[in-house]
Amino acid sequence: MDIEQAILKQIRRLPPDQQREVLDFAAFLDHHRSTPPAYRGVKGLWADLPPVPAAAEIDAARRAAWRPPA
């Protein structure tokens, strides 16, 4: 018995709702096999983010946040 026949034998034992789950899972596997993830490189991971604030801006924000109340 080859793998395809073994799979069919097992699937035929399942109720229809579980057969649908098997079909959905097979479609999921097929989709991920046929569409490899796009590699954007290290810099490309952050390309759509805004620029990072400068150290002076961060220090000013900290001083303003931790300034004692007047």
Side-chain angles (χ1 to χ4, degrees):
M1 180 183 303
D2 67 347
I3 189 73
E4 185 177 348
Q5 291 173 345
I7 291 170
L8 287 172
K9 184 177 177 182
Q10 284 295 114
I11 290 174
R12 287 185 179 126
R13 294 181 187 168
L14 297 173
D17 60 321
Q18 290 180 340
Q19 289 179 0
R20 170 56 69 182
E21 286 184 44
V22 171
L23 180 61
D24 291 344
F25 182 66
F28 169 80
L29 290 177
D30 184 49
H31 173 73
H32 284 284
R33 178 182 51 86
S34 62
T35 55
Y39 177 73
R40 297 194 304 176
V42 176
K43 288 185 179 180
L45 294 174
W46 296 286
D48 56 338
L49 297 176
V52 177
E57 294 174 304
I58 295 171
D59 291 340
R62 283 188 184 134
R63 283 192 300 275
W66 291 98
R67 184 175 300 134

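Count residues from 1 along the sequence.
To the nearest 0.5 Å, atoms CD (Q10) and CZ (R12) are separated by 11.5 Å.
For CG of L8, the number of neighbouring non-hydrogen atoms (other residues, nucleotides, ligands) closer than 6.0 Å is greater than 12. The 12-atom threshold is exceeded at CD of Q5, counting heavy atoms of other residues, nucleotides or ligands nearer than 6.0 Å.
Closest approach of L14 and Q18 over heavy atoms only: CD2-OE1, 3.3 Å.
Residues V22 and I3 fall within the same hydrophobic cluster, defined by Ile, Leu, Val, Met, Phe, Trp and Tyr side chains chained together at heavy-atom separations under 4.5 Å.
Residues R62 and D59 meet the side-chain proximity criterion, which asks for heavy atoms closer than 4.5 Å.
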